[in-house]
Amino acid sequence: MGTYIVRGGRKIEGEFAVRGSKNGTLPILAACILAEDEVVLENIPLIRDVLQTLEILQELGCRVERTGRTVLIDSRHLLAVEIGSETVGKMRSSILFLGALLAREKRAVLAYPGGCAIGRRPIDLHLDAFRKMGVTIGEEDYILDCRAGRICGTEIRLPIPSVGATENILLLAAKAEGVTLIQNAAREPEIVALVRFLRAMGAEIYGEGTSSILVEGVSRLHGAVFSMPADRIEGGTFLCAAAMTGGELRLKGLEREQMGAVLEVLRTTGCRFLWEDSDLLWMRPPKKLRADFTIVTGPFPAFPTDMQPLAMSLLTLAKGSCMISETVFEARFSQAAELCRMGADIVVSGRNAGIRGVEKLHGAEVFAHDLRCGAALLAAALSAEGESIVHGSQYIERGYEKIEDAFSFLGGVISLQEERNVYVQKKIEKTE
């Protein structure tokens with residue numbers, strides 16, 4: 001647990017290579033359990049969630065060897081099908097081990113997953129789909145005990161295009177008997193990355209990136225070498241920070257088709273963009289950001305909910321007024337009150353927030369209540385006058401690799417210090 005000390009007023013500018021995708025890496029790590037040979041993953045982000053997922057793989061009996069951002073995973077001698085509640089409670093993505101373990105061992109025992117407190121994220125969609133494919137699920141004391149004699153392909157229509165449910169069904173269906181058709185599937189780039197990885201291991205999957213994905217189950221999946229795509233949310237985070245501080249930025253590694261809705265919002269504020277190469281994006285912000293539009297979050301290709309806190313932070317400095325409607329999670333405006341401590345003018349009503357731009361933000365002591373809230377506060381602190389103290393590094397470190405070093409490299413004045421204030425520690429713990 002640590003605290004960021006940020007002195008604002010410096011431009012975030014220069015060139016930066018975006019690291020591997022957090023949301024893409026986590027389901028792919030779970031999928032490694034399905035391989036009957038060694039798997040090599042390149043360009044993995046060295047973030048807390050990834051490192052904890054590697055620990056889960058080791059607890060299950062996998063051999064894990066990491067060299068820099070490359071990791072080798074050998075699951076041929078898997079020893080367990082149960083993941084302890086203490087481990088599971090730290091991260092939401094641990095639910096993906098249900099599909100992977102069931103596909104391989106026909107058994108999985110897992111506590112209900114944890115993660116950031118951004119609202120209800122029920123796993124009923126996952127469990128309902130599993131039952132349709134032949135899985136029997138016992139629930140007692142918040143422990144899921146899942147078993148299957150045979151796992152059979154079927155048609156599954158999701159009531160909403162859930163990313164996690166789509167990923168879990170893909171993991172289970174990859175080795176199921178027969179054909180599985182996922183209707184109203186999630187279309188996020190992370191789904192595309194998972195399908196490409198599974199296909200590299202020998203899976204027969206078609207339709208990724210559309211709302212209908214067809215999976216022909218196979219009996220065996222082999223090893224593969226796979227490189228993680230760049231993190232579109234990290235890229236969006238740095239773009240927002242640069243726009244708020246008035247800096248020109250060049251980002252390497254991003255895929256153009258993944259950034260559409262985010263770049264459109266930034267263009268509307270007056271930012272200019274140029275793709276200098278297929279994966280090199282240049283941005284120049286205006287002298288004064290503009291507002292007077294509405295953002296509605298939603299499933300891809302709509303504006304991503306993970307970028308909503310960053311967009312709110314950006315709009316605090318835009319001339320005019322904006323409205324943000326959060327349609328994905330009901331409790332994802334925790335950054336609003338903290339931004340107001342810094343001088344922002346934000347009014348929240350249910351799942352809607354109105355933002356009236358101000359001339360400047362000022363330094364303040366603020367608290368990160370979740371991962372993206374923390375990133376939004378750091379961007380605000382970098383643009384504010386004076387010094388800010390941002391508590392709650394344990395959230396930010398879940399999804400950003402040494403973000404203080406990255407912002408410092410790009411011209412910011414920011415450092416991470418160990419939290420020593422007992423009162424602050426207790427206040428943060430109450431929000432977890």
Can you name the salt bridge (Lys or Arg N to Asp or Glu O under 4.0 Å) partners of Glu338, sequence neighbours left out? Arg341
Could I get the full list of salt bridge (Lys or Arg N to Asp or Glu O under 4.0 Å) partners for Glu140, not counting sequence neighbours? none
Side chain to side chain donor-acceptor pair (under 3.5 Å) with [X]: which residues, sequence neighbours excluded?
X	value
Thr237	Tyr400
Glu36	Arg220
Asn23	Asp306
Arg104	Ser75

The criterion is ring pair (Phe, Tyr, Trp, His ring centres under 6.0 Å); which residues satisfy it with Phe300, sequence neighbours excluded? none
Using ring pair (Phe, Tyr, Trp, His ring centres under 6.0 Å) as the criterion, list what pairs up with Phe407, not counting sequence neighbours. Phe238
Could you measure the distance from the CD atom of Gln335 to the CG atom of Asp370? Nearest 0.5 Å is fine. 7.0 Å
Quick one: which residue pairs count as a salt bridge (Lys or Arg N to Asp or Glu O under 4.0 Å) with a foot in residues 203-218, not counting sequence neighbours? Arg199-Glu208
Tell me which pairs pass ring pair (Phe, Tyr, Trp, His ring centres under 6.0 Å) where either residue lies in residues 62-86, with sequence neighbours left out. none
Can you pull out every ring pair (Phe, Tyr, Trp, His ring centres under 6.0 Å) where at least one residue sits in residues 183-226? Sequence neighbours excluded, please. Phe197-Phe226
Qualifying side-chain hydrogen bond (donor to acceptor under 3.5 Å, both in side chains) pairs, either residue in residues 148-158, two or more places apart: Arg150-Glu177
